[in-house]
Amino acid sequence: MIKGCRLLCNLIVLYFLFIPLSFADTQANDEIVNQLISLNQNYPIQRRIEIQSAALLNTPYLEGALGEGVNGKYDKNPLYRFDYFDCETYVDTVMALVLARSLPDFRNKINQIRYKQGNVSFTQRNHFPSADWIPNNKRNGYIQELSYLIAGRKTNVSRTQINLRNWYRRLTTDRIQISYLSPQEKEARLSQLKKEGSDLYGSKNVSISYIPVFDLLQNSELRQRIPSGSLIFFVGHDSYLSSRIGTSMNVLHMSFAIWNNGQLYCRMASSKAGKVLDVFFQDYLKTYLSLGTLDGISIWSITDPT
């Protein structure tokens, strides 16, 4: 099955190399959705996550791959696509494929996952995991926390304040993803976005539970408790990033946990690697040690509310 999924992934990449972009945004994406949903069959949700996430391995990385589609006021990138992902849009897409029963259901699910109450708008998009993505998808019934069940008293809590108003004020014209606008028009549209966001939001006090990175590296029994197909949020801090975007944040990255042949992997869209790939779990955690930015990981299961 995994070999078949990877073959489909390669076909997806080739598909987009040889068709016009306007076609890729519509018929090609929809055909791929139908093909991928057909892989779900009657498998339990954990197996569906493994299958769907594997089918998209090696897809190239692109920051901000998704937007609000052709009707977007500030970002006309597609509502869904299969030629590029970043770490969040990869998770969004896999989740929607896992939970969907049909193409219309997929379209609804990915909007529910990416936007508060499925309201497709830049200002309603789940931009920050601990402030938006996690609470909104918990409310949807799509995710459940596992950190305490896995680690018990070893579990810690990270708290911070996310200044959404300041984040909007620091946005630059690269957020205006509308190719036909002139630089001057993009500046005008950016001013509208900053005002709209600043009027809607202030600051949010947020928290997220996590299992400390050193416990995970030192305790193999603890790692064994992480179920395959789980969502992993990498909890920590990056002072350079915070100063650049105008707010602190306590989730740096997201991926899936995948067990394969007795080994635990992080399956993710990686900016460094430039594609979706599998990385040994322990090796990936160790890359953060010299940086001192990672406190631990928060683990969640994907659930089907139906």
**Message:** Working note: Glu50 + Ser228, criterion side chain to side chain donor-acceptor pair (under 3.5 Å); need CA distance, chi angles, decisive distance, verdict.
**Reply:** CA-CA 8 Å; Glu50 293 170 342; Ser228 190; 2.6 Å; yes
Side-chain heavy-atom pair [X], [Y] within 4.5 angstrom cut-off:
{"X": "Cys87", "Y": "Met268", "value": "no"}
{"X": "Thr173", "Y": "Glu187", "value": "yes"}
{"X": "Glu185", "Y": "Ile178", "value": "no"}
{"X": "Phe82", "Y": "Asn29", "value": "yes"}
{"X": "Ser53", "Y": "Tyr90", "value": "yes"}
{"X": "Val213", "Y": "Ile297", "value": "no"}
{"X": "Leu164", "Y": "Thr247", "value": "no"}
{"X": "Leu231", "Y": "Phe256", "value": "yes"}

Once you round to the nearest 0.5 Å, how far does [atom1] of [X] lie from [atom2] of [Y]?
{"X": "Phe214", "Y": "Asp295", "atom1": "CZ", "atom2": "CG", "value": "9.5 Å"}
{"X": "Leu103", "Y": "Ile32", "atom1": "CG", "atom2": "CD1", "value": "11.5 Å"}
{"X": "Asn34", "Y": "Leu39", "atom1": "CG", "atom2": "CG", "value": "11.5 Å"}
{"X": "Glu31", "Y": "Leu36", "atom1": "CD", "atom2": "CG", "value": "10.0 Å"}
{"X": "Leu56", "Y": "Arg267", "atom1": "CG", "atom2": "CZ", "value": "9.5 Å"}
{"X": "Leu216", "Y": "Ile299", "atom1": "CG", "atom2": "CD1", "value": "6.5 Å"}

Going only through I, L, V, M, F, W and Y residues with side-chain contacts under 4.5 Å, is there a path from [X] to [Y]?
{"X": "Leu264", "Y": "Leu294", "result": "yes"}
{"X": "Val94", "Y": "Tyr84", "result": "no"}
{"X": "Ile150", "Y": "Val235", "result": "no"}
{"X": "Phe85", "Y": "Leu252", "result": "no"}
{"X": "Phe128", "Y": "Val251", "result": "no"}

For a quick check under 3.5 Å, do [X] and [Y] share a side-chain donor-acceptor pair by atom type?
{"X": "Ser121", "Y": "Asn119", "value": "no"}
{"X": "Asp86", "Y": "Thr89", "value": "yes"}
{"X": "Thr303", "Y": "Ser301", "value": "no"}
{"X": "Tyr80", "Y": "Arg107", "value": "yes"}

So which atom in [X] and which in [Y] form the shortest heavy-atom distance, rounded to 0.1 Å?
{"X": "Ser242", "Y": "Met249", "value": "OG-N, 4.0 Å"}
{"X": "Ser102", "Y": "Ile37", "value": "O-CD1, 3.5 Å"}
{"X": "Gly229", "Y": "Ile258", "value": "N-CD1, 4.0 Å"}
{"X": "Tyr284", "Y": "Val279", "value": "CB-CG1, 3.8 Å"}
{"X": "Leu99", "Y": "Asp105", "value": "O-OD2, 3.7 Å"}
{"X": "Pro78", "Y": "Ala65", "value": "CD-O, 4.0 Å"}

**Asked** Which of these, Glu68, Gln192, Lys186, sits in a side-chain contact (heavy atoms from CB on, under 4.5 Å) with Tyr74?
**Response**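 Considering Glu68, Gln192, Lys186, a side-chain contact (heavy atoms from CB on, under 4.5 Å) with Tyr74 is found only for Gln192.
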Donor-acceptor check, side chain of [X] to backbone of [Y], threshold 3.5 angstrom: yes or no?
{"X": "Ser147", "Y": "Ser298", "result": "no"}
{"X": "Lys76", "Y": "Val70", "result": "yes"}
{"X": "Arg48", "Y": "Asn40", "result": "no"}
{"X": "Trp259", "Y": "Ile226", "result": "yes"}
{"X": "Asn126", "Y": "Ile113", "result": "yes"}
{"X": "Arg159", "Y": "Ser207", "result": "no"}
{"X": "Arg189", "Y": "Lys73", "result": "yes"}
{"X": "Asn77", "Y": "Gly64", "result": "yes"}
{"X": "Lys194", "Y": "Leu190", "result": "no"}
{"X": "Arg114", "Y": "Asp92", "result": "no"}

**Request:** Apply side-chain contact (heavy atoms from CB on, under 4.5 Å) to Met254 and Trp300, showing your working.
**Result:** CA-CA 11 Å; Met254 54 201 298; Trp300 297 69; over 6 Å; no
For the pair [X] and [Y], name the ring-plane relationship: parallel under 30°, tilted 30 to 60°, perpendicular over 60°.
{"X": "Phe122", "Y": "Trp167", "answer": "parallel"}
{"X": "Phe280", "Y": "Tyr265", "answer": "parallel"}
{"X": "Phe234", "Y": "Tyr288", "answer": "parallel"}

**Prompt:** Does the side chain to side chain donor-acceptor pair (under 3.5 Å) test come out yes or no for Ser130 and Asn250, once each step is laid out?
**Reply:** CA-CA 7 Å; Ser130 55; Asn250 57 356; 2.7 Å; yes
**Request:** Evaluate side-chain contact (heavy atoms from CB on, under 4.5 Å) for Ile51 paired with Gln41, printing each intermediate quantity in order.
**Result:** CA-CA 11 Å; Ile51 290 169; Gln41 300 181 39; over 6 Å; no
**Request:** Answer yes or no: is there an ion pair linking Glu221 with Arg225, defined by an N-O contact shorter than 4.0 Å?
**Result:** yes
**Request:** Before accepting this row, confirm whether a basic side-chain N of the pair Asp238/Arg244 lies closer than 4.0 Å to the acidic partner's carboxylate O.
**Result:** no
**Exceeds 12 heavy-atom contacts within 6.0 angstrom, atom CD of Gln144** = no
**Request:** For Tyr115, look at atom OH and say whether over 12 heavy atoms of other residues, nucleotides or ligands are found less than 6.0 Å away.
**Result:** yes
**Request:** Dump the intermediate steps for side-chain contact (heavy atoms from CB on, under 4.5 Å) on Ile110 and Leu79, then the final yes or no.
**Result:** CA-CA 8 Å; Ile110 199 163; Leu79 286 165; 5.6 Å; no
**Prompt:** Please walk me through it: do Asn166 and Arg169 pass side chain to side chain donor-acceptor pair (under 3.5 Å)?
**Reply:** CA-CA 5 Å; Asn166 205 36; Arg169 289 171 177 167; 4.8 Å; no
**Request:** Determine which pairs satisfy ring-ring contact (aromatic ring centres under 6.0 Å, His included) with at least one residue from residues 132-164, sequence neighbours left out, and list them in order.
**Result:**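 Matches after skipping sequence neighbours: Trp133-Phe233.
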**Prompt:** Can you list the steps and then say if Lys109 with Asp304 is a salt bridge (Lys or Arg N to Asp or Glu O under 4.0 Å)?
**Reply:** CA-CA 11 Å; Lys109 289 291 195 308; Asp304 190 343; 5.9 Å; no
